[in-house]
Chemist: 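Got a structure here, written out as structure tokens. Questions coming.
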Amino acid sequence: METNNEQMLISEIEPKTWAEKVGIHVGDTIIEINNKDPQLHNPAVSYGLLEQINSVKVLKTNGITNEYIVHSTLFSNQVLFIIIIPLTVLALCLFSIYFINKSNKETNQRSAHLLILFLLIIAMAYISASGSSRGDLLSRYVNIALFTLVPVSYLHFIYQYFKESGKELFKFSYIIFGYMLVLINILAELVNNVWE
């Protein structure tokens, strides 16, 4: 979406989406989202996405105004990506964590603890993505932190696993550098939001 002179114009429509099916077209103007001023709808204003809507009023390019109601279904894309996938990932991670923890009771290896941490980070990243997609700013920062932590925490696990085996694949300074990149990424996002 593009915001132009206090108007919100549709600039792109993804193929096979709800908007395409109901007949919303590029060039249409959004008049209301959820019976409110579209400039108050955070996902639309912050990310240019028409998400988290129950209703939308559109001024068509031919001058006709149409109101569209979004009917929630159990298997909609929104439910799939916000609820079903995150909870499935969480369940799989918790299932794996249970067996890792059970098999690590006697040896108490640090690499197993790092693997558990890695799995928790993945699960929480998917869950925080649902809050981020709803336009929650705190969830966005948490989501950025967790998704950038995924590869770093995995490398940390690999480093520790091979170290316990008596091999060193790479220096620990690479792991420290990875964690620093996570912090830099979060700070860059904070600065970007302050300057907007």
Side-chain angles (χ1 to χ4, degrees), residues 1 12 14-15 17 41-53 75-196:
M1 273 190 276
E12 182 181 348
E14 290 184 31
T17 58
H41 191 68
N42 193 23
V45 173
S46 298
Y47 310 115
L49 300 173
L50 196 55
E51 292 183 339
Q52 305 302 321
I53 63 168
F75 296 106
S76 68
N77 280 349
Q78 192 167 334
V79 170
L80 179 69
F81 289 110
I82 292 177
I83 297 171
I84 296 173
I85 290 177
L87 290 180
T88 302
V89 170
L90 176 63
L92 291 171
C93 288
L94 291 175
F95 180 76
S96 299
I97 287 168
Y98 171 76
F99 287 105
I100 292 166
N101 197 36
K102 190 174 179 179
S103 65
N104 191 43
K105 276 189 177 178
E106 291 179 19
T107 57
N108 199 25
Q109 292 183 319
R110 187 166 181 231
S111 60
H113 298 295
L114 288 170
L115 182 57
I116 288 170
L117 182 63
F118 166 71
L119 290 169
L120 286 173
I121 289 170
I122 289 175
M124 296 312 295
Y126 274 95
I127 289 171
S128 69
S130 66
S132 179
S133 70
R134 287 192 299 269
D136 180 40
L137 195 58
L138 179 61
S139 292
R140 177 154 173 77
Y141 292 128
V142 170
N143 186 250
I144 288 169
L146 291 171
F147 269 108
T148 53
L149 267 173
V150 168
V152 179
S153 61
Y154 182 72
L155 285 175
H156 196 166
F157 157 69
I158 292 293
Y159 171 84
Q160 187 63 35
Y161 177 80
F162 280 99
K163 183 179 176 186
E164 289 169 358
S165 300
K167 300 173 187 164
E168 188 175 316
L169 291 179
F170 47 85
K171 297 191 180 295
F172 190 72
S173 58
Y174 293 125
I175 305 296
I176 294 171
F177 179 71
Y179 286 119
M180 287 174 53
L181 284 178
V182 171
L183 290 174
I184 290 168
N185 202 357
I186 295 167
L187 289 173
E189 186 67 22
L190 282 168
V191 168
N192 186 37
N193 283 335
V194 168
W195 285 104
E196 286 183 347

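The structure displayed is predicted, hence computed values, not measured ones.
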Chemist: Once rounded to the nearest 0.5 Å, what's the spacing between atom CG of Asn143 and atom CD1 of Ile127?
Modeler: 11.5 Å
Chemist: Measuring from Tyr179:OH to Leu149:CG, what's the distance to the nearest 0.5 Å?
Modeler: 6.5 Å
Chemist: One pair to check against side-chain contact (heavy atoms from CB on, under 4.5 Å): Leu181 and Val152. What are the steps and the verdict?
Modeler: CA-CA 9 Å; Leu181 284 178; Val152 179; over 6 Å; no
Chemist: Residues two or more places apart in sequence or in another chain: which of them pass side chain to side chain donor-acceptor pair (under 3.5 Å) with Asn104?
Modeler: Thr107
Chemist: Mind listing the side-chain donor-acceptor pairs of residues 162-175 below 3.5 Å, one per line with the distance, residues two or more places apart or on another chain?
Modeler:
from, atom 1, to, atom 2, distance (Å)
Glu164, OE1, Ser111, OG, 2.7
Glu164, OE2, Arg110, N, 3.1
Glu164, OE2, Ser111, N, 3.0
Glu164, OE2, Gln160, NE2, 3.2
Ser165, OG, Tyr161, O, 3.1

Chemist: Extract all donor-acceptor atom pairs below 3.5 Å that involve side chains of residues 93-101 and protein atoms in other chains or at least two apart in sequence.
Modeler:
from, atom 1, to, atom 2, distance (Å)
Ser96, OG, Leu92, O, 3.1

Chemist: Could I get the full list of side-chain contact (heavy atoms from CB on, under 4.5 Å) partners for Phe118, not counting sequence neighbours?
Modeler: Leu115, Ile122, Val150, Ser153, Tyr154
Chemist: Heavy atoms only: give me the nearest Ala145-Ile186 pair and the separation to one decimal.
Modeler: CB-CD1, 3.3 Å
Chemist: Taking everything shown except Phe177 itself, do over 12 heavy atoms lie less than 6.0 Å from its CZ?
Modeler: no
